[in-house]
Amino acid sequence: MRSQIAEFLKNSEQDLFRLLRELVLQSSYSRDKAGVDVVGQIISRELSTLPMDLERYESSEYGNNLLFRSPACCPGTKPILLVGHMDTVFPPDSHFNWFKEENGKVFGPGVIDMKGGLVVAIFALKALYKMGLLPSLPITLLCNSDEEIGSPSSRQLIADEGARSLLAMVFECGGLGGEIVTGRKGKTGYSLSVQGKAGHAAFAGKDKASAILELARKTIAMEQLNDPGRQLVVNVGVVAGGLGPNTIAEKASAQIDTRFLTAADARHCHAALNSITNECTTPETHAELTVTSRRDPMEQSAANKMLYTAIYKEAQQLGLPLKEELRSGVSDANIIAGVKTPVIDGLGPIGDLDHSDREYMLRDSLLERTLLTACSIITLWENHSAQPS
């Protein structure tokens, strides 16, 4: 079966790169609904020859989210969930609007983040259909429109589908060493506002109610929460406040980013930040902390490790390099992990420098990751079916 899938994909190589080029050259900035919806139309067209039912979730602000279900998806059966996002970070007027193949690399906006991952998922489904397996495999493909801005319109859909799935595979890019992702840090963003009392700097005493002074003290205290040993990161990244050098600042604010490995560390960090916020040492000041964004950690759970082991064994049989990785950045895999469904990420093609105009993919990895995905789906479902009910 593996050799037959490999032969089909080799014969389909031109089609894989045709689709990759078309997707990459279609601008799909997260806030450009029209552009993202065209990507959705391309995907729908590409899958129209397969027996997949399409559910379209309309959005007025962002691109529509798409859900494709194979015939075996029925009540009482938990499917394998495939997830890929259609949006990129590049606005329509970006100068990075071209596609190029050179020296074994492919360049273009979103080529690995994650237009290439969409191609992998689509052609893995086509390979399974060619082998006559798709009708009997319960598979759901979710293509969402807004991952790069935190998945505001698709978050609940991802969580709901994740909760009803057997396992999930997410197609962010693979690492240069052949890595796939078994864990990701979580992320919480905060906004800190400090209120003081305005006054003239010329008449200020040592007890002046400066919001900037209190913010500075809180910034130092919050930065001291960084703990490399537990990989806890706290970064006060943006600060603002005051009207002028001769005025005591009445207001000041900061934007804070935190990263953590476990839910326990997230709770610890949140409690510490709240404590610092509530303890104002500058007279006549007070402060408020607000959560602006949140992604739960994708912990390197035993269930994720089991998925990795099965995929690793498959990679060995195919002669493909594979390693596991704990990745600091967040993705939609974090949402799936938050509903306690086993999930593996980084199954897309291998490359680097995403989110920049130097983004590239290693050309050979597109077919390799598609082959690995198709074969892994078969193995993972067989492993599940072999378990006693």
Side-chain angles (χ1 to χ4, degrees), residues 89 113 147-152 155 158-159 162 168 170 172-173 175-177 179-194 214-240 252-281 287-305 307-308 323-346 352 354-355:
V89 299
D113 191 14
E147 189 273 345
E148 296 292 2
I149 54 173
S151 306
R155 172 183 292 268
I158 295 167
V170 181
E172 298 286 356
C173 68
L176 290 176
E179 293 89 352
I180 61 174
V181 179
T182 56
R184 285 182 178 272
K185 286 186 177 181
K187 171 185 176 182
T188 303
Y190 295 91
S191 178
L192 173 67
S193 61
V194 182
E214 183 61 28
L215 176 62
R217 288 169 170 161
K218 293 187 186 306
T219 296
I220 292 171
M222 288 179 176
E223 288 284 349
Q224 288 176 339
L225 296 175
N226 279 284
D227 188 342
R230 65 203 300 181
Q231 296 192 45
L232 175 64
V233 175
V234 178
N235 183 62
V236 181
V238 179
V239 296
S253 63
Q255 302 298 316
I256 304 155
D257 183 269
T258 65
R259 310 275 172 147
F260 37 82
L261 285 178
T262 67
D265 282 348
R267 292 191 294 269
H268 162 79
C269 183
H270 182 75
L273 289 172
N274 269 324
S275 178
I276 293 168
T277 299
N278 295 331
E279 294 173 5
C280 292
T281 58
E288 183 177 357
L289 187 70
T290 304
V291 174
T292 57
S293 64
R294 181 168 56 213
R295 289 273 180 96
D296 293 329
M298 172 186 167
E299 297 188 25
Q300 287 182 303
S301 65
N304 287 0
K305 294 275 193 177
L307 290 185
Y308 171 76
K323 300 178 182 178
E324 68 172 316
E325 177 186 3
L326 171 64
R327 197 170 285 183
S328 292
V330 297
S331 82
D332 288 326
N334 292 70
I335 299 173
I336 298 167
V339 296
K340 309 303 180 185
T341 296
V343 57
I344 291 289
D345 197 358
D352 199 8
D354 46 321
H355 290 209

If you take all heavy atoms of [X] and [Y], which pair is closest and at what distance?
| X | Y | result |
| --- | --- | --- |
| D296 | G338 | OD2-CA, 4.0 Å |
| A254 | L215 | CB-CD1, 3.8 Å |
| K218 | C280 | NZ-SG, 3.5 Å |
| A168 | L307 | O-CD1, 4.5 Å |
| E179 | E325 | CB-OE1, 3.4 Å |
| Y190 | T292 | N-OG1, 3.5 Å |

Are the side chains of [X] and [Y] in touch, meaning some heavy atoms are under 4.5 Å apart?
| X | Y | answer |
| --- | --- | --- |
| L192 | I276 | no |
| K340 | S301 | no |
| V234 | Q224 | no |
| V181 | I344 | no |
| T281 | R217 | yes |
| F260 | R230 | no |
| E223 | N235 | yes |
| K187 | N334 | no |

(message) Taking D345 first and then R327, would you say they form a salt bridge - that is, a charged N and a carboxylate O separated by under 4.0 Å?
(response) no

First locate atom [atom1] of [X], then atom [atom2] of [Y], and finally report the distance between them rounded to the nearest 0.5 Å.
| X | Y | atom1 | atom2 | value |
| --- | --- | --- | --- | --- |
| D265 | H270 | CG | NE2 | 14.5 Å |
| T182 | K323 | OG1 | NZ | 13.5 Å |
| T188 | R259 | OG1 | CZ | 9.5 Å |
| C173 | I180 | SG | CD1 | 13.0 Å |
| L225 | I256 | CG | CD1 | 9.5 Å |
| I335 | E147 | CD1 | CD | 8.0 Å |

(message) Under the side chain to side chain contact (heavy atoms under 4.5 Å, CB included) test against L261, which residue among K185, E299, M298, Q300 passes?
(response) K185

(request) Return yes when atom CZ of R155 has more than 12 non-hydrogen atoms of other residues, nucleotides or ligands closer than 6.0 Å, and no otherwise. (result) yes

(message) Can you see whether E172 engages S331 through a side-chain donor-acceptor pair at a distance of less than 3.5 angstrom?
(response) no

